[in-house]
S.K.: 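First the structure, which I've put down as structure tokens, then a few questions once you've had a look.
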There are 2 protein chains.
Amino acid sequence: MSRSDALDMAEVFAALGDPVRLQMLSIIAASHEVCSCNLEGPLAKSQPTISHHTRVLAEAGLIVGEKRGRWTWWRSVPERLDMASRFLEP
Amino acid sequence: MSRSDALDMAEVFAALGDPVRLQMLSIIAASHEVCSCNLEGPLAKSQPTISHHTRVLAEAGLIVGEKRGRWTWWRSVPERLDMASRFLEP
DNA sequence: CCTTTAGATTGATGGACGTCGATAAGTCTG
DNA sequence: CAGACTTATCGACGTCCATCAATCTAAAGG
């Protein structure tokens, strides 16, 4: 395993290494699309904190956001989850 | 997904969320057993740093160490890896 | 014993991270 | 346009983390 591979994969796992983001991803993956306003309640965090965590997940490639009107809609990226999953049992 | 589940899983992923620990786990999982002295070289880190990282991986349940004589032998815990893998695609 | 060796622990330090209030930027509605 | 609304960004603060030098513990060999 190369060092650059390790850096890329570590970014993904680091994004998953926070309980708030794990629950966030769990909520997003369960529905087809979720807007940020539907995360604030279940996660019991402030709006800037929610925005921070969605950003981290997005930068790790685990979710993608689409701005439609006032809302940003988030959905998970199954391929990225598969990649992380396959890394754990090759 | 409950908050306590999120906490437990997040600890596992946080342990994986460091490039040094990812390479470390990769090396350990590739062989049957690896002693700490065989990690220092490939990872290019000091001995205390290596010891710190093995401890984090062990506390997350991803590896177990057995002390035989002067050496500590580490091996991976496939069940724990499976658990994390299954979490990513249910 | 004494020395050497493997590994864990401690202490210190610089940097990264989670959190929130305040603010900015873009969007809908009246 | 004015005001309400959604999200992103900035600034600050406290905490956690990765790293290494120094030290300690335990075990093997002479």
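Predicted, not measured: the structure shown is a model, and the values here were computed from it. Here is how names work: the chains are called A, B, and so on, in the same order as the sequence lines, proteins then strands, and each is numbered from 1. Only heavy atoms go into these numbers, but all of them, side chains included; no hydrogens, no water, no symmetry mates.
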S.K.: Could you tell me how the ring of F13(A) sits relative to the ring of F13(B): parallel (under 30°), tilted (30 to 60°) or perpendicular (over 60°)?
M.R.: parallel
S.K.: Please figure out whether Q47(B) or H53(A) has its closest DNA chain C nucleotide nearer the 5' end.
M.R.: Q47(B)
S.K.: Nearest to the side chain of D18(A) - dA27(D), dG18(C), dT29(C)?
M.R.: dG18(C)
S.K.: Nearest to the side chain of R70(B), which nucleotide is it out of dG21(C), dA6(C), dT7(D)?
M.R.: dA6(C)
S.K.: Counting only heavy atoms not in R80(A), do more than 12 fall under 6.0 Å of its CZ?
M.R.: yes
S.K.: To the nearest Å, how far apart are R55(A) CZ and dC20(C) P?
M.R.: 18 Å
S.K.: Between atom CH2 in W71(B) and atom C1' in dT25(D), what is the gap in whole Å?
M.R.: 17 Å
S.K.: Tell me: CD of E11(B) to P of dC17(C), nearest whole Å?
M.R.: 19 Å
S.K.: Check every strand shown and say whether S51(A) touches a base, only sugar-phosphate, or nothing at a heavy-atom separation below 4.0 Å.
M.R.: base
S.K.: Inspect the contact between D18(A) and K45(A) and indicate whether a charged nitrogen and a carboxylate oxygen are less than 4.0 angstrom apart.
M.R.: no
S.K.: If we check side-chain contact (heavy atoms from CB on, under 4.5 Å) with S36(A), which of these qualifies: W73(A), W71(A), W74(A)?
M.R.: W74(A)
S.K.: Expressed as a whole number of angstroms, how long is the span from N38(B):CG to dG7(C):P?
M.R.: 8 Å
S.K.: What's the CZ-P distance between F13(A) and dC17(D), to the nearest Å?
M.R.: 19 Å
S.K.: Which nucleotide, dA8(C), dT27(C), dC20(D), lies nearest any side-chain atom of S46(B)?
M.R.: dC20(D)
S.K.: If you only use heavy atoms from C-beta on, which nucleotide in dG18(C), dC20(C), dC20(D) is closest to the side chain of H52(A)?
M.R.: dG18(C)
S.K.: So what does R21(B) hit on the nucleic acid, given a heavy-atom distance under 4.0 Å: a base, only sugar-phosphate, or nothing?
M.R.: sugar-phosphate
S.K.: Could you check how far CG of L43(A) sits from C1' of dC20(C), rounded to whole Å?
M.R.: 15 Å
S.K.: What does K45(B) touch in the nucleic acid at a heavy-atom separation under 4.0 angstrom: a base, only the sugar-phosphate, or nothing?
M.R.: sugar-phosphate
S.K.: State whether E89(B) and R86(A) are salt-bridged, where the test is any N-O pair (Lys NZ or Arg NE/NH1/NH2 against Asp/Glu carboxylate O) under 4.0 Å.
M.R.: no
S.K.: P48(A) side chain: which of dT9(C), dT7(D), dC20(C) is closest?
M.R.: dC20(C)
S.K.: Take the protein atom CZ of R68(A) and the nucleotide atom C1' of dC5(D), then report the distance between them rounded to whole Å.
M.R.: 18 Å
S.K.: Look at the side chain of W74(B) and decide which nucleotide, out of dA22(C), dA8(D), dA8(C), has an atom nearest to it.
M.R.: dA8(C)
S.K.: Starting from P on dT9(C), measure out to CD1 on I50(B) and report it in whole angstrom.
M.R.: 15 Å
S.K.: Can you tell which of dA8(C), dT6(D), dT19(D) lies closest to the side chain of S36(B)?
M.R.: dA8(C)
